[in-house]
Amino acid sequence: MEDLYALKGSGGAAAQNLDDFRQADIPPGKVVEGGVNNIDPLAYYVGRVVRSYGNDLSRSYQLNLAEHIDRKSKIITSINNLLKWDYSKGIATMDAVRAQGATGFLNKVEEIRLGDIALHVENNYASLVAVPLDDKPIKDSAKILIQAMTVERPYGFKASNDNSGRIESLGESPFGVEKVNATVTLFNAGSADVDRTQ
């Protein structure tokens, strides 16, 4: 607390949350105790970051997130491995037992294969999520809702570079939604006759 009263600050976002010396001593996924001077700005995509202030530095700790933040491949994986963000392609996926899907520029990849579904999307930008309506895992569900959304724009909206550049006209009501052009393949046992339904 004395450091705060002396206006020394409390550290901020930095490219690495561990300095080179400490990172060499801490294997990926392991924890180091003691004061935290910097927080990796990508840590917030991995999981919860908690900051509190007090006099006991022994209660502070940080995790080596090297196995969750791959700066070379530009992929971040959540601490529970259910969420993944490929920020080089602009695609985020969710792969839980009862919710699976993807959002982003999905036509940049041929297929997105998750635990119990596969997505093939022609739209430049879209969001598709599958959830069971009978509170069962997707692989066992007999009633699955697929939520899909694409780009929504006002009627008459116009921008350069195939509507992704400088806005030339804001358009007006009503709003139009780009037609979904995608295939969702379900790999489940919810059907008595087949193991794979589409």
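- Minimum interatomic distance between Ala126 and Leu106 (heavy atoms only, all atoms of both residues): O-CD1, 3.5 Å.
- Taken together through direct or relayed side-chain contacts under 4.5 Å among Ile, Leu, Val, Met, Phe, Trp and Tyr, Ile138 and Met94 form parts of separate hydrophobic clusters.
- With rounding to the nearest 0.5 Å, the separation of NE2 in His120 from OG1 in Thr185 is 9.5 Å.
- When all heavy atoms of Pro137 and Val97 are compared, the pair lying nearest together is CB-CG1, 3.3 Å.
- Closest of all the heavy-atom pairs between Ile69 and Ala43 is CD1-N, 4.1 Å.
- No single ILVMFWY cluster, assembled from side-chain heavy atoms under 4.5 Å apart, contains both Ile75 and Ile112.
- Atom CD1 in Ile79 sits 7.0 Å away from atom CD in Glu67 (nearest 0.5 Å).
- Expressed to the nearest 0.5 Å, how far NZ of Lys136 lies from CD1 of Ile144 amounts to 11.0 Å.
- Here the side chains of Lys179 and Thr150 are not in contact, with every heavy-atom distance at 4.5 Å or above.
- Here the closest non-hydrogen pair linking Asp134 and Ala142 is OD2-N, 3.0 Å.
- Listed by first and then second residue, the ring pair (Phe, Tyr, Trp, His ring centres under 6.0 Å) pairs that reach into residues 152-182 come to none, sequence neighbours excluded.
- Remark: Tyr45 engages Leu42, Ile76, Trp85 in a side chain to side chain contact (heavy atoms under 4.5 Å, CB included) (not counting sequence neighbours).
- In this structure, Ser160 OG and Arg166 CZ are separated by 8.0 Å, a value rounded to the nearest 0.5 Å.
- With hydrogens and angles ignored, the 3.5 Å screen pairs no side-chain donor or acceptor of Asp116 with any backbone N or O of Leu186.
- In this structure, Val180 is not a member of the same hydrophobic cluster as Val129, with clusters built from ILVMFWY side-chain heavy atoms closer than 4.5 Å.
- A donor-acceptor pair shorter than 3.5 Å can be found between the side chains of Asn80 and Ser78.
- Taking all atoms of both residues into account, the shortest heavy-atom contact from Ala118 to Arg113 is CB-CD, 3.9 Å.
- Using a 4.5 Å cut-off on side-chain heavy atoms (C-beta onward), Thr103 and Tyr125 make contact.
- Separating the CG atom in Leu114 from the CG atom in Asp95 is a distance of 4.5 Å, to the nearest 0.5 Å.
- Atom CG of Leu133 sits about 6.0 Å away from atom NZ of Lys143, to the nearest 0.5 Å.
- Counting heavy-atom neighbours within 6.0 Å of Lys108 NZ, excluding the residue itself, gives a total above 12.
- Within the 4.5 Å cutoff, no side-chain heavy atoms of Asn107 are placed close to those of Val121.
- Side chain of Ser169 to main chain of Lys158: no donor-acceptor pair is present (N/O by atom type, distance under 3.5 Å, no hydrogens or angles).
- Proximity of Ile117 to Leu128: side-chain heavy atoms (C-beta onward) are nowhere separated by under 4.5 Å.
- Asn81 is linked by a side chain to side chain contact (heavy atoms under 4.5 Å, CB included) to His68, Thr77, counting only residues two or more places apart in sequence or in another chain.
- Scanning both residues, Pro154 and Gly171, for their nearest heavy atoms gives CB-C, 4.0 Å.
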